[in-house]
S.K.: 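Starting off with a structure, shown below.
Chain letters run A, B, ... following the sequence lines, proteins first, then strands; residues in each count from 1.
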2 protein chains.
Amino acid sequence: MTALDLIDRKIVAQLMRDATQSVAQIADQVGLSSTPCWKRIRRLESDGVIERRVALASPQALGLGVCAVVILRAPDHSAEWRERLGAVVAAIPEIMEVWRVAGENDYLLRIAVADMAAFDQLCQRLAGEVPIREITSHLAIERVKFTTAFPVDTIRR
Amino acid sequence: MTALDLIDRKIVAQLMRDATQSVAQIADQVGLSSTPCWKRIRRLESDGVIERRVALASPQALGLGVCAVVILRAPDHSAEWRERLGAVVAAIPEIMEVWRVAGENDYLLRIAVADMAAFDQLCQRLAGEVPIREITSHLAIERVKFTTAFPVDTIRR
DNA sequence: GATGAAACTTACATAAT
DNA sequence: ATTATGTAAGTTTCATC
């Protein structure tokens with residue numbers, strides 16, 4: 001896998017912004033003709049730079065009105081516990097995002113559920129399936145910003 | 001906008017999982033023929049249930065090795081400060097996710113940058129552009145889970 | 001890299017049942 | 001809802017420069 005040049009990053013930026021664009025449109029945007037642009041896109045996909053193409057939906061329209069960020073502390077820093085948590089969160093679709101963070105044995109989870117009753121049930125399910133030393137919930141009032149587009153423009157080559 | 005039935009939710013689930021599928025493939029998955037499936041997809045898009053289609057890229061492949069969750073506390077709970085923060089985070093592409101959470105005047109931010117130097121610069125820029133009472137950084141060691149697919153299967157009708 | 005043109009697949013629209 | 005049909009558009013491959 002070779003390094004990405006400026007044109008590659010422009011292509012990825014375009015596709016992260018709007019993947020409905022045709023190859024010809026993207027070629028225009030980045031200053032290429034269709035064929036070489038198409039070849040670059042294929043290479044970016046086979047190299048794993050572009051991982052997948054997905055539709056983004058509206059949580060409100062889907063009836064998922066409650067979003068929460070849960071911070072939890074592990075009882076220990078064992079590999080067993082980490083694997084256990086990984087298996088549990090993988091099996092729970094309401095848990096959309098999980099980050100293990102440095103410092104303490106802390107994890108941050110982002111959760112999408114229909115209502116507070118569902119959120120309560122989810123917390124109880126989580127606590128029942130994996131031992132947790134401490135858990136703190138932050139209910140989201142407002143989604144101020146959310147994007148899946150990485151800041152490729154700011155990367156220095 | 002009418003309520004979503006089971007088939008609608010199956011269609012959205014398929015497209016959130018993989019938007020490269022053709023209408024015919026999705027029709028197969030949800031048990032419809034192409035034409036009505038295509039009409040439903042168009043309706044889901046015009047109703048705003050499906051908001052957009054994007055490519056998801058690999059942060060590592062893009063040279064964005066550092067992910068951090070920043071928790072910050074506002075100096076007050078004024079609308080002015082909220083709007084100020086909104087404008088600032090909208091202008092900074094490294095800030096990918098911002099949630100205003102209940103309870104205290106707290107905000108959670110997810111940030112993607114190339115390295116620790118860039119992270120430090122970003123924190124200083126942020127603190128320089130908007131007054132902040134308190135800021136706490138959590139460096140992500142591992143992305144245990146990340147999905148953009150909402151849990152539509154678990155919604156009760 | 002650009003261009004042009006095939007061959008193929010899909011999207012889209014319409015009509016009939 | 002289905003099947004069928006047709007046109008437009010996009011993708012993919014290839015040959016040539």
S.K.: Closest approach of B:Ala57 and A:Glu51, non-hydrogen atoms and distance?
M.R.: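 So the two residues come closest at O-OE1, 3.7 Å.
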S.K.: Measure across A:Val113 and A:Ala118 and return the closest heavy-atom pair with its distance rounded to 0.1 Å.
M.R.: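 Heavy-atom minimum between the residues: CB-CB, 3.9 Å.
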S.K.: Do any pairs count as a salt bridge (charged side-chain N to carboxylate O under 4.0 Å, His left out) and have a residue in residues 117-145 of chain A, sequence neighbours left out, and if so which ones?
M.R.: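 Applying salt bridge (charged side-chain N to carboxylate O under 4.0 Å, His left out) to every pair that reaches into residues 117-145 of chain A, excluding sequence neighbours, yields A:Arg125-A:Glu129, A:Glu142-B:Arg100.
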S.K.: Take nucleotides 6-17 of chain D nucleotide by nucleotide from the 5' end and write B, S or -, depending on whether a protein heavy atom sits under 4.0 Å from the base, only from the sugar-phosphate, or from neither.
M.R.: ----SSSBB---
S.K.: Quick check: closest heavy atoms across B:Ala55 and A:Ala19, and the distance to 0.1 Å?
M.R.: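 It is N-CB, 3.6 Å.
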S.K.: Who pairs with A:Ala102 by side chain to side chain contact (heavy atoms under 4.5 Å, CB included), at least two apart in sequence or on another chain?
M.R.: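 Side chain to side chain contact (heavy atoms under 4.5 Å, CB included) check on A:Ala102 returns B:Leu139, B:Ile141.
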S.K.: If a pair satisfies salt bridge (charged side-chain N to carboxylate O under 4.0 Å, His left out) and one of its residues is in residues 52-74 of chain B, list it, with sequence neighbours excluded.
M.R.: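 Matches after skipping sequence neighbours: B:Glu45-B:Arg53, B:Arg73-B:Asp106.
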S.K.: Residues in salt bridge (Lys or Arg N to Asp or Glu O under 4.0 Å) with A:Arg43, at least two apart?
M.R.: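 A:Arg43: salt bridge (Lys or Arg N to Asp or Glu O under 4.0 Å) contacts with A:Asp8.
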S.K.: Going 5' to 3' along DNA chain C, which nucleotides are the first and last within contact of chain B (any atom under 4.0 Å from a heavy atom)?
M.R.: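 First and last nucleotides in contact are C:dT10 to C:dT14.
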